[in-house]
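Note sheet for the following structure.
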Amino acid sequence: MTKLLWCPKSWKEFRSHPEMVYRTSNRLRAFNHHEILKSVTGISSEVLGCSVTDPDFNAYDTLIFQKHIHSIKKVQKFRNKADKLAILDLCDSISKEETLNLNSLVDLVICSNHELEDRLISNGLNIPSATVPDSHEADPDFIKVHRETERPSVTWYGIGVNYYKFVEPLHRILQQGNYAFRWAAEENPKWNNEWGFQKGVAWQLSVKDAWSNPCSWQQFIQKSDIGIVPVLEAVKSPHKVLNYMAYGIPVICSPTDAHKRVITHAENGFFASTADEWQYCLELLKDPETRKKIGNRARQSVLKRYSQETIATEYYQAITKWHDHKMAGHKNMSFIKKIRKGFFGP
């Protein structure tokens, strides 16, 4: 049996704030995979700080750390064994120095997008790496119905500070275009009164709870006519884009590598870089038939391909591939040592 231990970035806070396990990266890159894989025959899965609080690392054969390593000495001792695999899961860029340090800390790095993996390799990562994208988290039973409206609902959601970097520059276009613009993030006095901010959105929920909760971030997405995901060349996962698309909601986004792997421009979504391009794409999507056509193509292209079940399976396949690789390498080294001993004596 494969025994997995997921180590999310905020695990110490789970005891006093158990809802923290549902914060975006904790949920996406650990908890959701755990929820899928724990029911698979031959797999045992636990989440540090959630389903288990003070585990013995040696009781598991695979440790998956999210964003940073806990207990480095214990991990180094753990990974010296042939049947043990220590993994770091990354969804954000790190420095060259941090990248080089990984070569002696873990056996495998799993990235949320190909651009991030390429950047790590160019910065000197020389241990095995793999890319497993985020899944969407859309309720497969919900399909957006696009109707004629004078003011289409345009939405963005994410981390509050990113609103100022990515979305605020589009204010003029959104205001002059007569769109019903709304955005959502965890509430904070710094932005609670900003134009279009949606108060009362519930974030710390498991996915299925969020599907049915009328105040959830999932319901916020579902009420959208158009989704926007400007990221200004940042290295980001396509998670937000996938959520809109899986619901049949057309999305306009920055043409990043991750987004280009999901969207074909003007077929199942749109890319925009300049103000003129953003304005043009938004104007196109005022037409409900265009929204319906693009939205349906978007849904068909991502609903199954990027489902939680599909991506959790890909994640597990990446783990087993490199676990087998490590085992084979260890056996080869043992064989070499035996040959050397035969030639040169004890």
Side-chain angles (χ1 to χ4, degrees), residues 23-25 27-29 67 90-94 111-116 119 133-134 136-138 152-199 201 203 217-218 220-221 223-247 249-263 265 268-285 294 298 302:
R23 294 197 73 173
T24 306
S25 54
R27 185 184 72 246
L28 269 171
R29 304 298 295 180
K67 293 196 175 185
L90 285 177
C91 53
D92 295 313
S93 296
I94 60 176
C111 302
S112 66
N113 63 82
H114 293 84
E115 191 174 4
L116 177 57
R119 183 171 294 189
D134 288 336
H136 68 71
E137 298 177 285
S153 172
V154 178
T155 69
W156 175 89
Y157 70 100
I159 299 172
V161 293
N162 285 342
Y163 165 79
Y164 296 99
K165 290 192 291 185
F166 301 145
V167 185
E168 194 176 42
L170 299 176
H171 272 193
R172 181 187 60 80
I173 297 169
L174 293 166
Q175 289 173 332
Q176 293 181 356
N178 195 32
Y179 301 99
F181 173 66
R182 296 177 301 120
W183 65 283
E186 290 188 352
E187 294 191 22
N188 187 304
K190 293 181 179 179
W191 53 73
N192 282 356
N193 295 316
E194 286 282 355
W195 176 63
F197 181 74
Q198 180 77 49
K199 296 180 181 178
V201 175
W203 295 93
W217 61 277
Q218 284 276 336
F220 174 83
I221 298 171
K223 293 180 177 69
S224 310
D225 292 313
I226 304 165
I228 60 171
V229 188
V231 294
L232 302 180
E233 300 181 354
V235 178
K236 293 286 186 180
S237 157
H239 172 243
K240 293 185 181 69
V241 165
L242 292 169
N243 280 335
Y244 284 117
M245 294 175 73
Y247 280 135
I249 298 167
V251 65
I252 309 168
C253 61
S254 300
T256 66
D257 178 78
H259 293 165
K260 287 178 180 178
R261 293 174 184 269
V262 177
I263 286 177
H265 181 67
N268 62 348
F270 293 94
F271 296 127
S273 297
T274 66
D276 286 345
E277 288 171 350
W278 278 99
Q279 184 172 359
Y280 175 74
C281 293
L282 284 164
E283 286 291 327
L284 282 178
L285 291 173
I294 298 296
V302 305

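- Results of the side-chain contact (heavy atoms from CB on, under 4.5 Å) test with Ile252 over Leu285, Leu284, Val229 single out Leu285 as the only residue that passes.
- Inter-residue side-chain proximity for Trp278 and Pro230 is flagged as met; some heavy-atom pair is nearer than 4.5 Å.
- In plain terms, the two heavy atoms of Phe270 and Cys281 that are nearest each other are CB-SG, 3.8 Å.
- Between the side chains of Ser112 and Ser237, not a single donor N or O lies within less than 3.5 Å of an accepting N or O.
- Side-chain N or O atoms of Asn113 include one that pairs as donor or acceptor with a backbone N or O of Leu116 at under 3.5 Å.
- Here the CD atom belonging to Gln176 is positioned 8.5 Å from the CD1 atom belonging to Ile173, to the nearest 0.5 angstrom.
- Put simply, CG on Leu28 and NE2 on His136 are 12.0 Å apart, with the number rounded to the nearest 0.5 Å.
- Residues Lys260 and Phe271 have side chains in contact (heavy-atom distance under 4.5 Å, counting atoms from C-beta outward).
- To the nearest 0.5 angstrom, Thr155 atom OG1 is 7.5 Å from Ile228 atom CD1.
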Subject >> Test side-chain contact (heavy atoms from CB on, under 4.5 Å) applied to Lys236 and Thr256, step by step >> reply: CA-CA 8 Å; Lys236 293 286 186 180; Thr256 66; 5.9 Å; no
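- The CD1 atom of Ile226 sits 11.5 Å away from the CD1 atom of Ile294 when rounded to the nearest 0.5 Å.
- Checked by atom type, the side-chain pair Asn243/Lys240 shows no donor-acceptor distance below 3.5 Å.
- To the nearest 0.5 Å, the span separating CD on Glu277 from OG on Ser254 amounts to 10.0 Å.
- Salt bridge annotation for Arg23-Glu186: present, with a cationic side-chain nitrogen under 4.0 angstrom from a carboxylate oxygen.
- Shown here for Val262 and Asn268, the closest heavy-atom pair between the two residues is O-ND2, 3.2 Å.
- Between Trp183 and Glu194 the shortest heavy-atom distance is CZ2-CB, 3.7 Å.
- Summarising the geometry, atom OH belonging to Tyr179 is positioned 11.0 Å from atom CG belonging to Leu170; distances are rounded to the nearest 0.5 Å.
- Other residues, nucleotides and ligands contribute over 12 non-hydrogen atoms within 6.0 Å of the CG atom of Leu232.
- Distance alone, capped at 3.5 Å, places no donor-acceptor pair between the Tyr244 side chain and the Ala298 backbone.
- Proximity of Pro238 to Arg261: side-chain heavy atoms (C-beta onward) are nowhere separated by under 4.5 Å.
- For the pair Ser153 and Arg182, the minimum side-chain heavy-atom distance is below 4.5 Å.
- Asn192 places a side-chain heavy atom less than 4.5 Å from the side chain of Lys199.
- Contact between Val241 and Val251 at its shortest, heavy atoms only, is CG1-CG1, 4.0 Å.
- Pairing each heavy atom of Ala185 with each of Ile159, the nearest pair is CB-C, 4.3 Å.
- Judged by distance alone, the side chain of Glu137 and the main-chain N or O of Gln218 form no donor-acceptor pair under 3.5 Å.
- Taking the six-membered ring where the residue is Trp, Trp156 and Tyr163 present tilted rings, their angle falling between 30° and 60°.
- Counting heavy-atom neighbours within 6.0 Å of Phe197 CZ, excluding the residue itself, gives a total above 12.
- Across every non-hydrogen atom of Ile263 and Cys253, the tightest pair is CD1-SG, 3.7 Å.
- Between Gln198 and Tyr157, the side chains place no donor N or O within less than 3.5 Å of an acceptor N or O (distance only, hydrogens not considered).
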